[in-house]
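In this text, all values refer to a predicted model and were calculated from it rather than measured experimentally. Side chains included, hydrogens not; waters and symmetry mates left out as well; all remaining heavy atoms used. Read the numbers this way: they start at 1 and go in the same order the structure lists the ligands and their atoms.
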Amino acid sequence: MKIYKGHLLFTKVQQQFKVIENGYIAVENGKIKGVYTALPQEFENIPVEDFGNRLLIPAMNDMHVHAPQYRNQGIAMDLELLPWLNNYTFPEEIKYADTNYAERMYRRFVRDLWRYGTMRTVAFATIHQPATRLLMQIFQEAGMGAFVGKVDMNRNSPEALCEKVEEAVRKNEELIKEFNTPHSIVKPIITPRFVPSCTPQMLKACGELAEKYQLPVQSHLSENLSEIAWVKELEPESKHYGDAYNRYGLFGQTPTIMAHCVWTDGEELELMKKNKVMVAHCPTSNLNLSSGMAPVRLFLENNIPVGLGSDISGGHNLSIFKIIVYAIQISKMQYQKNKQRAFLTLPEAFYIATKSAGSFFGKVGSFEEDYDFDALLIDDAELNHDNYSLLHRLERFIYLGDDRNIIKRFCQGKEISEPKI
Ligand code: GUN
Ligand code: FE
């Protein structure tokens with residue numbers, strides 16, 4: 001058992017922060033045993049690690065990111081989705097046939113997630129099995145939690161990124177056998193890239209894998225208007241874009257994350273609600289690729305779970321703290337168009353990034369009994385130069401701070417040291 005003392009800030013509910021000044025948190029076997037305003041008598045003989053005047057907050061979760069787009073971070077930001085994929089993204093992903101290249105990039109990618117306090121990640125790799133295995137091993141070595149998807153695709157893409165369905169299934173199954181073990185912190189996730197790059201046969205095979213191994217699913221949905229029009233042409237029998245996944249068991253039959261959902265409404269929205277499909281909201285990507293503004297308030301009103309994603313390299317910024325700020329700012333632009341839909345507040349966006357997103361990994365993202373102890377220790381001394389309240393200190397760290405303010409990181413109770421690159 002370990003006991004930590006510090007200022008605890010977290011969001012048990014969506015509407016407000018819970019703030020415990022000089023609080024205590026007891027951790028046993030990686031899990032939180034309790035959170036206290038004063039140290040209970042039963043723990044009197046256990047040494048306390050005192051974090052002083054620092055802030056202890058839940059760690060961040062990135063619900064949608066492309067690890068093999070790391071090199072493209074911050075370039076090619078002046079195209080929309082489809083030309084961006086063809087001209088920059090696919091050519092970069094082809095390079096991951098080379099595991100040496102993949103290792104060089106993936107190590108830096110995981111180190112950067114660590115730097116920005118992201119302890120759980122839902123990642124796309126590429127179609128390449130050896131490079132995908134390597135990414136999973138790098139997460140494992142780091143001790144950071146992840147769902148990693150070997151990407152499946154077989155149409156409308158360069159030949160070097162297309163696989164035969166049987167080959168994709170076999171390579172997925174090999175990874176599933178290696179990594180789908182009960183206590184692994186790194187697990188596989190079934191990852192058809194998106195409808196335009198998967199034939200119905202590929203989608204069907206992906207749905208069967210998800211069902212057979214009871215694995216989660218991730219993909220992209222209703223991101224860009226040209227993409228949506230193309231899906232209508234490719235899959236005329238589907239009632240909407242989401243239906244093209246749903247008919248193959250890829251839309252909430254097992255836990256599912258759909259990135260973007262910028263243009264989701266009507267029956268697609270209803271089905272997401274019914275099937276509890278999680279939205280990975282990626283505001284920076286939606287800004288850069290000029291995709292639009294996702295109706296996050298509408299998702300929340302419908303109890304559709306939402307998490308945040310950096311979507312590197314559609315998105316340029318790996319810090320989920322900065323994504324929180326972008327999510328709030330975009331919601332304020334939407335509010336000016338429609339005052340019926342309130343903008344996101346800081347506790348709401350923080351809740352989305354922590355407890356809501358964390359639910360995809362189990363009990364993750366809050367400081368409550370039985371939750372995994374995933375936490376960040378924030379030293380904001382430089383920002384706290386004039387006796388700010390604890391809430392204002394957290395707000396200033398989120399808006400003004402950066403990785404230099406994060407001085408300790410914990411995942412499942414273990415302190416995570418900087419991964420070697
Ligand atoms: N849709 C299909 N592939 C991708 C991708 O790599 N990034 C984004 N943002 N959307 C996609
Ligand atoms: Fe994406």
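The Fe ion (ligand 2) has no N, O or S atom of His260 closer than 2.8 Å. Backbone or side-chain N, O or S atoms of His64 reach the Fe ion (ligand 2) at under 2.8 Å. The Fe ion (ligand 2) has no N, O or S atom of Glu223 inside 2.8 Å of it.
Heavy atoms from other residues, nucleotides or ligands lying under 6.0 Å from NZ of Lys204 number 12 at most. At most 12 heavy atoms of other shown residues, nucleotides or ligands fall within 6.0 angstrom of atom CD in Glu382.
For Phe147 and Phe360, the ring centers are positioned less than 6.0 Å apart. Between Phe124 and His64, the gap from one ring centroid to the other is short of 6.0 Å. Outside the 6.0 Å centre-distance limit, the rings of Phe350 and Phe10 are not counted as a close aromatic pair. Tyr106 has its ring centre no less than 6.0 Å from the ring centre of Phe139.
Atom 3 (N) of ligand 1 has as its closest protein heavy atom Arg193 NE, 2.8 Å. Counting protein heavy atoms only, atom 10 (N) of ligand 1 is closest to Glu223 OE1, 2.7 Å.
Which parts of ligand 1 touch Asp311 is read off a 4.0 Å heavy-atom cut-off, strictly below it: atoms 8 (C), 9 (N). The atoms of ligand 1 that sit less than 4.0 Å from any heavy atom of Phe194 are 1 (N), 2 (C). Near Leu81, with a cut-off below 4.0 Å to any heavy atom, the atoms of ligand 1 are 8 (C), 10 (N), 11 (C).
No side-chain donor-acceptor contact under 3.5 Å links Ser184 to the backbone of Lys187.
If you put the vertex on the Fe ion (ligand 2), NE2 of His66 and OD1 of Asp311 sit 90° apart, to the nearest 10°.
At a threshold of 4.0 Å, the pair Glu348-Arg297 counts as salt-bridged, since one of the basic side-chain nitrogens sits closer than that to a carboxylate oxygen.
Residue contacts with ligand 1 include Trp84, since one or more of its heavy atoms lies under 4.0 Å from the ligand. Residue contact annotation: Glu227 has no non-hydrogen atom under 4.0 Å from ligand 1.
Residue Thr89 has no nitrogen or oxygen atom sitting less than 3.5 Å from a nitrogen or oxygen atom of ligand 1, judged on distance alone.
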